[in-house]
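Keep in mind that the numbers below use all heavy atoms, side chains included, and drop hydrogens, waters and symmetry copies. It should be emphasised that the depicted structure is a prediction, and the values quoted were computed from it without experimental measurement. A, B, ... follow the sequence lines: proteins, then strands. Residue 1 opens every chain.
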Amino acid sequence: MNMILECKNLTKSYGKKKALDNVSLNIAPGKIVGLLGPNGSGKSTLIKLCNELLTPTSGEILIGGKNPGIETKKIVSYLPERTYLNDWMKVSEIIYLFKDFYADFDLEKAYDMLKRLNINPTDKLKTLSKGTKEKVQLILVMSRKAQLYLLDEPIGGVDPAARDYILNTIIGNYSENSTVIISTHLISDIEKVLDDIIFLKEGQVVYTKTVDEIRDETGKSVDALFREVFKC
Amino acid sequence: MLIKLLKYEIRATSRLLLPLYVALLIFAGINSLLFSIPSEALNTSFLYSVTSIISMVIYITIMVGILVMTLVVMIQRFYKNLLGDEGYLMFTLPVQTWKHILSKLLIAMLWIISSGIIAATSIFIIAHKSLPLGEIPIIFETLEREFGMNGYLFSFELTILAVLGLAANIVLIYSAIALGHLFNKHQLLASFGMYVALTIVCQIVIALLGYGLGNFIEFSDSSMTINYQIQVLFLFSFINVAILGIGSFILTQLLLKKKLNLE
Amino acid sequence: MSWDLKSDRPIYAQLIEQLELKICSGVYALGSKLPSVRDLAEEAAVNPNTMQRALVRLEEDGLLYTQRTSGRFITEDANMVIQIKDKIAREQIREFLEKMINLGFSRKDILSNITKILEEMRENEYDSRV
């Protein structure tokens, strides 16, 4: 099977510090993958490298067989861990910006999600609360029919109800052709939704298994195993 | 995609500058009206003096405001939209990096030139009676007669050089900001330092080239006309500006593509 | 009936149990159409691939069958359901008995306790009806 994401001996260093250290990974289409690890373990670095927001120090990334660039940006939908919304647009305007630049954007779906989350399209982005901004970004990202969704801490800042909605959106959005990679440290909330788990520790991969493999072999939840592996 | 970028760039910036333009022209009109009232009739009026002073102060304030806002727009749109949090959105759009830089550059130029034109227009509105516009053809004639120069060609060349020089200097500022962004702390200060450093380097390069050119002219036919010398000087300046602009553009593009590190 | 998934056992195995339970208890009637994989996954808040695997397993066991064009259906075979019920009952009783034995009860004690509690439950039911 053709992998949607391949990392080959991927290393990213900042000066002497290695944020990612010789990481090799293969992720197949049609999977929901958890990228788990404590803060500073290299989760965001890996996701940024996939988005060409960083350049690898050594090694290679292939997305759908191509190095990060214009062609991969067309098929990758990325939710960064921070708000990138500007302060002068209305919600409807940023939605049209996405429609303008991404051929796979589904306008109807975006408006549907806005309605379900009670967000007024004519509101100015500047006036939205932090939680609402995160919801708007999630709507922008999930309204694309992308082949690879890279969600960096999508459930960190939102309330439990919105968290459930996000997880339902991810499940409801599932298709055999698209892969979702979710980075988080809030594992217990999402482990039921995941196919595979990647544990990152100090820039290295320590585990790649399926959730049920972990539960079967250890008799523990992924959350419990995580606490054990990363015990301080 | 470049057209789309330009569209959003104009939307993001016009809301900042257009209201100032309108305000400037309105106050230019008010000042012009106040000036046109025969002074003998009102010279002694206290109200007239106060009104004309206030409207002049407002006019000048708006003028300064436009100057500042134009510079802020030029720097902010690059620094904040590409290197700040908004960069997460911009750099994940399926658009080449050079198009981002070019769109910022073209719109910055658009506003700088527009601000210049609006400022000139407002001055014309206020002082059109006392401007020696009728003498321009005479100046051109004199140029033609004394130096064998075509005044229209000369102004055309000067305009092109000014526009290109403007572009080159904006890109130089961009490259300084991109260089400053490599620093972990005090990025704006670092950007300013980089700008000073880059300017010095450019001055040195131009001075060296100029020295070479000086020799070249000296060694060639000494009976050259002034017009010829000016044309050579233009050519030299064009080459300077082109090297400066293209060099800065490539540097900026390289930094944004290979060394990008959004916070 | 909601989905109750424990965190220390494979989700796949738990989904099979819960689906069996839902079929036996009549939440999904015999011969009726099962919701789509995605809807079931959304309802249980689990990964669609895991839900799919559980359904395929139940199909292999004969509790579900697929009609090429119209989706998945529950078996119409009542015997099958009785067998499954029997299986679940045996598992539950075995689990219970193991706990009791661990607590140190003898077989006789366990039996007499069960009879006693059954008696109490019947009285309670009678009381609540009166």
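For C:I11, the parts lying under 4.5 angstrom from a heavy atom of chain A are both the backbone and the side chain. Looking at A:V211, only its side chain comes within 4.5 Å of chain C, counting heavy atoms on both sides.
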Quiz prompt | Residues C:E119, C:R122; criterion salt bridge (charged side-chain N to carboxylate O under 4.0 Å, His left out); working and verdict | solution = CA-CA 5 Å; C:E119 203 68 34; C:R122 197 153 56 196; 3.2 Å; yes
Practice problem: Please assess A:D104 against A:K74 for the test salt bridge (charged side-chain N to carboxylate O under 4.0 Å, His left out), listing each intermediate value before the final yes or no. | Solution: CA-CA 8 Å; A:D104 60 3; A:K74 288 180 187 167; over 6 Å; no
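Contact annotation for residues 49-62 of chain C against chain A (heavy-atom separation below 4.5 Å, listed by residue number): C:N49, C:T50, C:R53.
Ranked by heavy-atom pairs under 4.5 Å with chain C, the list A:T218, A:T210, A:L194 is led by A:L194.
The aromatic rings of A:F226 and A:F199 sit perpendicular, their planes meeting at an angle over 60°, well past the 30° parallel limit.
The two residues A:K43 and A:L36 make their nearest non-hydrogen contact at CD-C, 4.0 Å. Considering all non-hydrogen atoms of both residues, A:I61 and A:P68 come closest at O-CD, 3.5 Å.
The cationic atom of A:K192 (NZ for Lys, CZ for Arg) does not lie both less than 6.0 Å from the six-membered ring centre of C:W3 and within 45° of the ring axis.
For the ring-ring contact (aromatic ring centres under 6.0 Å, His included) condition, the pairs that include at least one residue of residues 57-89 of chain C, sequence neighbours left out, are C:Y65-C:F73.
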